[in-house]
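The structure under discussion appears below in the form of structure tokens.
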Amino acid sequence: MAAGGTRRISAASARSHTRKNKQSSSSFLPKGIFKTLLLVFFTGFLAWAYQATRPPPPKICGSPDGPPVTSPRIKLRDGRNLSYLEFGVPKDTAKYKIIFVHGFDSCKLHNIFAATTSPALIEDLGVYIVSFDRPGYGESDPDPKRTLKSLALDIEELADKLELGSKFYVVGLSMGGEFVWPCLKYIPHRLAGVTLVAPVVNHWWPSFPSNISNEVYSQMFKQDQWCLRVAHYLPWLTYWWNTQTWFPGSSVASQSLDMFSPPDLEILSKLPPLTEAHKTQPRQQGEFESLHRDLNIAFGKWEFEPMELENPFPNNEGSVHIWMGDDDRFAPVTLQRYIAQQLPWVKYHEIERAGHMFALGDGMTDKILKALLNVTD
């Protein structure tokens with residue numbers, strides 16, 4: 001210690017102290033700012049991710065920014081509009097009245113009976129057919145609360161508003177066929193007969209043996225496997241999954257031809273080109289309320305078990321039919337065969353060397369119609 005209490009500092013100590021001050025003063029970020037920035041980044045990422053999963057609002061038909069209304073519609077009890085299109089003989093003179101349920105990415109214009117059934121047969125039998133846009137498709141208002149049951153009740157209300165009588169027939173094609181099962185569950189007393197044509201099946205139904213479900217699942221494209229997993233387990237991600245560009249989404253939604261079997265491609269090559277309305281109307285109000293909600297409901301957890309349904313026609317006053325092609329790559333035939341085994345009251349028709357589009361082949365809708373109406377040649 002120097003005189004007067006002055007502390008001596010060595011040259012080395014002074015240099016070390018100077019270096020520490022320089023390092024401290026030259027630090028790039030103040031203490032704690034890195035954690036703050038990380039928190040801000042993470043919060044921003046979550047906000048972006050949340051927005052990415054939120055679908056845009058639908059463009060409601062008839063609204064200022066929506067497509068025009070070009071077809072007749074009924075107003076349902078909850079205020080929604082349901083668009084429909086009539087075909088065949090006038091309903092007031094018809095002997096048979098049929099409601100047609102369209103498939104995935106389709107609309108009321110995709111009525112297989114209107115497209116290929118013999119006009120003479122329609123006239124001779126006295127058949128009236130009405131097709132309608134399922135909620136969110138075509139010109140029918142979306143139904144954010146849509147369930148399997150609500151669709152069956154929409155069909156019942158459509159029949160009542162059009163005064164089709166106490167009983168009517170229902171025919172569903174592809175995913176529209178899958179949505180006929182709720183009619184058998186919730187409105188069996190209103191049915192005169194039912195036909196499912198190439199119906200899609202939810203392979204997560206509890207009654208399906210795991211080996212059959214796994215076999216069917218393994219036959220799908222990887223991208224469709226993932227699409228259906230998302231729809232089943234993470235339905236809130238369905239919109240993002242089918243609109244993102246990092247991974248391929250549904251091959252069906254992308255309208256890929258890869259899913260079609262050779263018999264399908266042969267039939268498609270003979271069909272006339274689709275009109276602009278056929279191409280644009282299904283998705284014109286937005287893809288979420290039509291395609292994506294369809295996937296969530298069709299492949300989600302069902303509120304009932306179809307394999308536990310009872311015969312709606314115990315006295316043979318009507319019948320239930322399933323028509324399938326043995327080379328259907330959209331709805332593998334394995335599941336349909338199992339359903340027919342478990343539900344012996346279902347009349348099962350399997351067409352050899354036929355794919356998903358077999359119903360549009362020559363004369364097929366005539367056969368389907370006659371079987372449903374129990375008409376013999």
Side-chain angles (χ1 to χ4, degrees), residues 71-74 82-103 106-134 138 140 151-152 154-174 176-177 179-180 183-184 187-199 267 271-272 278 312-313 316-324 346-349 351 357-377:
S71 300
R73 304 198 296 181
I74 62 165
L82 203 69
S83 178
Y84 65 93
L85 186 64
E86 296 173 298
F87 172 78
V89 305
K91 64 185 177 185
D92 294 336
T93 60
K95 182 179 180 181
Y96 303 104
K97 298 170 184 178
I98 300 173
I99 296 178
F100 179 78
V101 187
H102 69 77
S106 303
C107 66
K108 61 181 178 293
L109 301 176
H110 298 84
N111 180 346
I112 58 174
F113 296 109
T116 62
T117 304
S118 165
L121 180 65
I122 295 290
E123 189 72 27
D124 291 344
L125 295 180
V127 178
Y128 162 91
I129 304 173
V130 59
S131 56
F132 69 101
D133 291 326
R134 293 194 281 107
S140 288
L151 182 59
D154 283 355
I155 291 173
E156 181 180 38
E157 193 168 356
L158 173 66
D160 289 340
K161 289 292 178 68
L162 295 181
E163 299 181 344
L164 300 188
S166 61
K167 288 186 180 267
F168 47 86
Y169 296 85
V170 175
V171 177
L173 174 68
S174 189
F179 290 143
V180 167
C183 292
L184 292 168
I187 58 169
H189 57 289
R190 302 298 307 274
L191 304 176
V194 169
T195 291
L196 297 80
V197 181
I267 287 178
L271 296 178
H278 281 80
F313 309 111
N316 295 321
E317 66 274 27
S319 54
V320 178
H321 300 258
I322 293 179
W323 290 79
M324 282 297 303
V346 171
K347 297 185 178 181
Y348 181 65
H349 313 262
I351 312 302
M357 309 297 291
F358 76 90
L360 295 175
D362 293 340
M364 275 309 307
T365 51
D366 286 27
K367 295 179 181 178
I368 293 170
L369 186 60
K370 288 179 180 179
L372 172 64
L373 304 180
N374 194 28
V375 174
T376 57
D377 292 325

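You'll find the side chain of Pro72 reaches within 4.5 Å of the side chain of Tyr84, heavy atoms only. Using a 4.5 Å heavy-atom threshold, the side chains of Val375 and Leu121 count as separate.
Separation of atoms CZ (Phe100) and CZ (Phe132) is listed at 10.0 Å; rounding is to 0.5 Å. Summarising the geometry, atom CG belonging to Leu191 is positioned 6.0 Å from atom CG belonging to Leu184; distances are rounded to the nearest 0.5 Å. Considering CG of Leu173 and OG of Ser131, their distance stands at 11.5 Å, rounded to 0.5 Å. Between the CD1 atom in Ile99 and the CZ atom in Phe168 there is a gap of 4.5 Å [rounded to 0.5 Å]. Note that CG of Leu158 is 10.0 Å distant from OG of Ser83, once rounded to the nearest 0.5 Å.
Smallest separation of non-hydrogen atoms from Ala359 and Val197: CB-CG1, 3.8 Å. Closest approach of Cys183 and Ile155 over heavy atoms only: SG-CD1, 3.6 Å. The minimum heavy-atom distance linking Ala198 with Phe358 is given by the pair CB-CE2, 4.1 Å.
For Leu196, the side-chain contact (heavy atoms from CB on, under 4.5 Å) partners two or more places apart in sequence, or in a different chain, are Val180, Trp181, Val194, Pro199, Val320, Ile322. By the side-chain contact (heavy atoms from CB on, under 4.5 Å) test, Lys167 pairs with Ala192, sequence neighbours left out. Applying the salt bridge (charged side-chain N to carboxylate O under 4.0 Å, His left out) criterion to Asp366, with sequence neighbours excluded, gives no partner residue. Residues that satisfy the salt bridge (charged side-chain N to carboxylate O under 4.0 Å, His left out) test with Glu157, not counting sequence neighbours, are Arg77, Lys161. Thr365 pairs by the side-chain hydrogen bond (donor to acceptor under 3.5 Å, both in side chains) definition with Thr116, Thr117, not counting sequence neighbours. The salt bridge (charged side-chain N to carboxylate O under 4.0 Å, His left out) test applied to Arg73 returns Asp141, not counting sequence neighbours. In terms of the side-chain hydrogen bond (donor to acceptor under 3.5 Å, both in side chains) criterion, Ser106 has no residue partners (sequence neighbours excluded). Residues satisfying the ring-ring contact (aromatic ring centres under 6.0 Å, His included) criterion with His278, sequence neighbours excluded, are His110.
Pairs engaging residues 122-134 under the salt bridge (charged side-chain N to carboxylate O under 4.0 Å, His left out) rule: Lys108-Asp133, Arg134-Asp294 [sequence neighbours left out]. Note on residues 85-103: pairs passing side chain to side chain donor-acceptor pair (under 3.5 Å), not counting sequence neighbours, are Glu86-Tyr128.
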Determine, step by step, whether Ile187 and Val170 satisfy the side chain to side chain contact (heavy atoms under 4.5 Å, CB included) criterion, reporting the C-alpha distance in whole Å, the side-chain angles of both residues, the deciding distance to 0.1 Å, and the verdict. CA-CA 11 Å; Ile187 58 169; Val170 175; 5.7 Å; no

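Taking the six-membered ring for Trp and thresholds of 30 and 60 degrees, His321 and His349 have nearly parallel ring planes, at less than 30 degrees apart.
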What side-chain donor-acceptor pairs closer than 3.5 Å can you find for residues 367-374, not counting sequence neighbours?
unit_1	atom_1	unit_2	atom_2	d
Lys370	NZ	Asp377	OD1	2.5

